[in-house]
Structures are given as C-alpha cells and as structure tokens.
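Just so we're clear, the structure is a prediction, and the values are computed from it rather than from any experiment.
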2 protein chains.
Amino acid sequence: MGSLTEENYIKSIYALSEATGEVYVSELAKKLDVKLPSVNSMVKRLATKKLVAYAPYKGIKLTEKGKKEALAIIRKHRLAELFLVKVMGLGWEEVHDIAEQLEHVNSSRFYERIDELLNSPKFDPHGEPIPDSNGKIHTQKRTSLIDLAEGLTATITAVTEDEKSFLDHLNAKGLQIGDAVTIKKRELFDGSITLQHKSKKEILLTHQVAERIWVEMTVTRS
Amino acid sequence: MGSLTEENYIKSIYALSEATGEVYVSELAKKLDVKLPSVNSMVKRLATKKLVAYAPYKGIKLTEKGKKEALAIIRKHRLAELFLVKVMGLGWEEVHDIAEQLEHVNSSRFYERIDELLNSPKFDPHGEPIPDSNGKIHTQKRTSLIDLAEGLTATITAVTEDEKSFLDHLNAKGLQIGDAVTIKKRELFDGSITLQHKSKKEILLTHQVAERIWVEMTVTRS
DNA sequence: ATAAAATGTTAGATGCCTCTAATATTTTAA
DNA sequence: TTAAAATATTAGAGGCATCTAACATTTTAT
C-alpha cells in the first residue's frame, strides 16, 4: 500500500491517460494542484517503485502494477459513491468529496461488504463502470437520452460526469435517477430534447446535457 | 483540521488521561508504537498549536481546544463502529480497525447522516458513550450482568472493552447484542454467573467477563 | 545521600512531499 | 532557422514525522 499522496497521483495518471492517451507532467500538476517540480520528483519516485514508466521530457505511463493499483482505487471510489447514495441516502451531487476520502480506506472486509450490500453493481451513480475486484471493467452497451426516438419512454439509470455543477443542473430541472421520462420532441436544429416527466412538467435539455444521461428502455408489452 | 498523525496523538492523549489522569511521554510512545524522541517533538508541536499544555519532564495535558478535538474524533470513531455493525452488518469484533480509519474522514455531512440513520445513538457497540456534536458525553446509569439477581431476565445492550480477544470470547460463547438472558445462578465463591440463553444453552461467565456486559432489564408486567 | 534505574530531552539524520529560483529541452512561429 | 514560448528538470530549502546516539533529569532503592 502506497501513501495517500501516491494513491492520488496514480489515480490521476490513470484518469488523464484514459482521457488523452499520454500524460504530461504539466497536466498532472494542474489536476493535482501542485507545482511542476513536485510532480517531477514524485513521478521519479513512482518510477523507482515500478508504478510508472517514465523518461525525462517524455510522457508518463502506468505500468501494469500501477494500472492495477489505479483500478483498485477507482473501484473503491465508485463503490463508495454508490453506497453513499443507495444505502446512506445522500444526494448524488454531494458524494464525490466523501468518496475521495473513502477510496483510501484500507479494508477488504469493508469493501467486500459494500459490494454485497449493493449486489455487485456494475455502474456508479454517475454512470461510470465499477471495475471488479480483479480490476476488470465490464463495459456494456448503454443507451443515452439522445439515442431515443420521439414518443419512447425510458427510465434514467445513471449519468456521466462527476461535476457538481452538472448534477446541480439536473437537480434543478427536477431529474433524478429512477425517473421515467418520455421523449416529447427532438429538435433537429440544435439537438435539444423536450421530455415529458412523471411530474407532468415538460423539461427541455440541451444536446450537451442529454447525451450524458443514460437510460434503460421501458419494455413495451404488445 | 490537523494531520492524521496529529489526530492520533490527540486521541491517544485523551484516552490515556481518561484512564490514568496524567499522561507521560513514555506511555504515549508505547501506545502509538513510536520512539520517545518522536513523541517529544510532536508534543512540542502540539504545544505550539495550543492543543496540549506541556512542560519538559512533566506530564502532558490536553487544553480545552485539544479536548474538543479529541471528543470530535472519538465521536466519529464510535458512530462509525455502530454504523458498521448496525447498518452494514459487520461483526462487532471486526469493526474497530475500520473505524480507526473512518474516524479521520472529514465530512460533517457524512457523520450527520450516520447519526440520523442510527437515530442519535448514545453508546457504541462496545458500550462506550458517544459524545454529542458539541463534545458532551451523556453518561447514564447502566446495569451490568453482575448487578442482576438470580431469576431476572435482561437483554444485552452493549459491552465495554474494544479488545478483539474479549469480543471473540463472547462470540465463542454464543452471546450477541440483543440476546435475552436469564440469571440462573450467581456463585458467591468466585462471582461467576450461569446464564440461561435463548438458545436454551446454559452459559457460564466469569465475574471478570460478566461485569463488562451491559444489559437492559426486561420489563415484567404485573 | 548517592548510585543505579527509569524516564525524558537534544542533536543530527532520513524519507516524504512540497515549494521557489534557476536552468534546460522541446515546440512553435516569425 | 533561429528566437520566443511552452514545457520540463535540477538545485536547494522547508515542514512533518520519524529514527539512533548521546546526554540530562528524576525517581528508586540500597
């Protein structure tokens, strides 16, 4: 087990490499809110521990060992988020910061039990996949709001994006996980979508927002 | 908020001072499993932060500020233990180490919610009182197994002692929080007690063990 | 009352993680 | 193609938390 700081570096390197492939010292410094030399010396330490492969002036890459550690932390983070929402009844927009701390708890028993209580979930409340205990991510086809034709009804299952501003936006519109919505109108012009919500209110979502909302089709009986 | 290490020092100083009044550098070193000079320099740091009062070669005392911080940590520890047992279904003997980590989580929301879910509990699963959010401990008369007369029936509500060996001992005897027991026989000779348990088994407890078990009298209707 | 034992402190070093200031390399643009 | 801009590294220092070795004080027991 590395230190808390080390875990945060590993996690950030993983996240950045998922997003952009290569990871640079400057990006990492920005993400972790530390200065360049701090990153430089930490990356060197991580390299001696064989957690990253690193050559000066070149990008940073996680080794297999590093990747495994990253996935273990991400698993804990996402399990924690789901647990905070489903078991503890916290709002999806307020769980991220708590999960940032819980992800560093070192107790297989604790996370085993969370996994059991949640019935080995595959996605966290923001729609991100939860790696299994071996670090394997089971990706699975998912349908976004923008994939639905007009008139269809579906249930919101998750959202991507951890950002509080996004989650607050959805809350302000009155949307929650589990809500049933019907596509009222799809604007060809700007890709925005008008929903019919259970509250009977009509809700207008921009394309940018709608594509981040995952749904499950409501089965229509014949 | 102090560092994790600082919190552990504060907590240990509080625990030792509860047990013995005065706290000495050597006791603290033993409890925290570090060498004397480490304690010495940390205590000096804590003194400059006004968390402890300290004069060389004299004992260590928490200031009001230090005491407040200690009680906040203890509150979090005990809430966490109860939560792990009651909400997550973990065994009382396995929650201590996890709570040692959760007690450092910095989120009033998290602990507010735990407190709510547990309905503002007054005692943790080991029978220790839980300070309220102002650091006040509501002590309250409690009845131990050794206070009961023969023939009386009561329900186990908690135990003192955090030690795994003690908790394992009780588990081995088949005793759990919530179990109803009847006092079958009290030995004058050695203070041991024979219980009638719901499982219909008779259980023999030494005085030393029985006095650490808290019970609530079962109300007898007329 | 003093020597031995127990306890506590100081000095100086190390690892982790961060910083600023100075320098080096790589990329980009004139 | 070379100067400017962007990016990365090194050097050196500081705070936190720990250690070992050497020294100081207090307690205890003869």
Side-chain angles (χ1 to χ4, degrees), chain A residues 1-14 16-17 19-62 65-66 69-70 73 100-101 103-104 106, chain B residues 1-14 16-17 19-62 65-66 69-70 73 100-101 103-104 106:
Chain A
M1 287 288 308
S3 68
L4 195 149
T5 311
E6 196 180 294
E7 290 194 356
N8 283 330
Y9 271 83
I10 294 289
K11 191 179 57 141
S12 295
I13 294 168
Y14 183 90
L16 289 172
S17 71
T20 65
E22 285 275 19
V23 182
Y24 299 98
V25 172
S26 53
E27 296 178 73
L28 202 45
K30 197 172 183 185
K31 176 139 190 161
L32 292 165
D33 194 27
V34 295
K35 302 296 181 208
L36 290 184
S38 306
V39 172
N40 186 262
S41 71
M42 182 52 127
V43 167
K44 282 199 259 174
R45 256 203 302 285
L46 295 176
T48 67
K49 291 190 179 186
K50 310 273 182 214
L51 289 163
V52 303
Y54 178 62
Y57 294 104
K58 296 283 175 313
I60 304 158
K61 258 204 163 78
L62 288 178
K65 188 180 166 197
E69 197 172 305
I73 300 163
E100 285 285 302
Q101 299 181 62
E103 76 193 3
H104 302 292
N106 178 16
Chain B
M1 289 287 308
S3 67
L4 196 149
T5 312
E6 195 179 297
E7 290 193 358
N8 283 330
Y9 271 84
I10 294 289
K11 189 178 58 143
S12 295
I13 294 169
Y14 183 90
L16 289 172
S17 72
T20 65
E22 283 276 18
V23 182
Y24 298 98
V25 173
S26 53
E27 296 177 74
L28 201 44
K30 198 174 182 183
K31 176 139 189 161
L32 292 166
D33 196 27
V34 294
K35 301 297 183 211
L36 290 184
S38 306
V39 172
N40 188 264
S41 71
M42 182 52 128
V43 167
K44 283 199 259 174
R45 258 203 301 282
L46 295 176
T48 67
K49 292 190 178 187
K50 307 278 183 210
L51 289 163
V52 303
Y54 178 62
Y57 294 104
K58 296 283 177 310
I60 304 158
K61 259 204 163 78
L62 287 178
K65 187 179 166 196
E69 195 171 305
I73 300 164
E100 285 286 302
Q101 299 182 62
E103 77 192 6
H104 302 292
N106 178 15

Give every pair of a protein N or O atom and an N or O atom of nucleotides 9-13 of chain C that lie under 3.5 Å apart, one pair per line with the distance.
| residue | atom | partner | partner atom | Å |
| --- | --- | --- | --- | --- |
| dT9(C) | OP1 | Y54(B) | OH | 2.2 |
| dT9(C) | OP1 | Y57(B) | N | 2.8 |
| dT9(C) | OP2 | N40(B) | ND2 | 2.5 |
| dT9(C) | OP2 | Y54(B) | OH | 2.5 |
| dT9(C) | O5' | N40(B) | ND2 | 3.2 |
| dT10(C) | OP2 | K44(B) | NZ | 2.8 |

With a cut-off of 3.5 Å and sequence neighbours excluded, list every side-chain donor-acceptor pair involving residues 50-61 of chain B.
none

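- Distance CG (L4(A)) to C1' (dC16(C)): 13 Å, rounded to an integer number of Å.
- In this entry the distance linking CG of L28(A) with C1' of dT9(D) reads 15 Å, nearest Å.
- Nearest heavy-atom pair, L32(B) versus S12(B), reported as atom, atom and distance to 0.1 Å: CD2-OG, 3.3 Å.
- Nearest-nucleotide positions on DNA chain C place E27(B) closer to the 5' end than the other of E27(B) and M42(A).
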For residues 3-11 of chain B, dump all side-chain donor-acceptor pairs below 3.5 Å to protein atoms at least two apart in sequence or in another chain.
| residue | atom | partner | partner atom | Å |
| --- | --- | --- | --- | --- |
| S3(B) | OG | E6(B) | N | 3.1 |
| E6(B) | OE1 | K49(B) | NZ | 2.7 |
| E7(B) | OE1 | H104(B) | ND1 | 2.6 |
| N8(B) | OD1 | H104(B) | NE2 | 3.2 |
| K11(B) | NZ | E100(B) | OE1 | 3.1 |
| K11(B) | NZ | E100(B) | OE2 | 3.0 |
| K11(B) | NZ | E103(B) | OE1 | 3.4 |
| K11(B) | NZ | E103(B) | OE2 | 2.9 |

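- Regarding L46(B), its CG atom lies at a distance of 12 Å from the C1' atom of dC16(D), rounded to whole Å.
- Close to dT18(D), at under 4.0 Å from its OP1 or OP2, lies a side-chain N or O of Y9(B).
- Spacing between atom CD of E6(A) and atom P of dG15(C) amounts to 16 Å, rounded to whole angstrom units.
- Atom OH in Y24(B) sits roughly 22 Å away from atom P in dA5(C) (whole-Å rounding).
- A70(B) approaches L62(B) most closely through the heavy-atom pair CB-CD1, 4.1 Å.
- At the phosphate of dC19(D), OP1 or OP2 sits under 4.0 Å from a side-chain N or O atom of S38(B).
- OP1 or OP2 of dC17(C) has at least one side-chain nitrogen or oxygen of T5(A) nearer than 4.0 Å.
- Here S26(B) does not reach the OP1 or OP2 of dA6(C): none of its side-chain N or O atoms lies under 4.0 Å away.
- Taken from CG in L36(A) to OG in S41(A), the straight-line distance is 11.0 Å, to the nearest 0.5 Å.
- Contacts classified as salt bridge (Lys or Arg N to Asp or Glu O under 4.0 Å) and involving residues 19-48 of chain B (residues at least two apart or in different chains) are not found.
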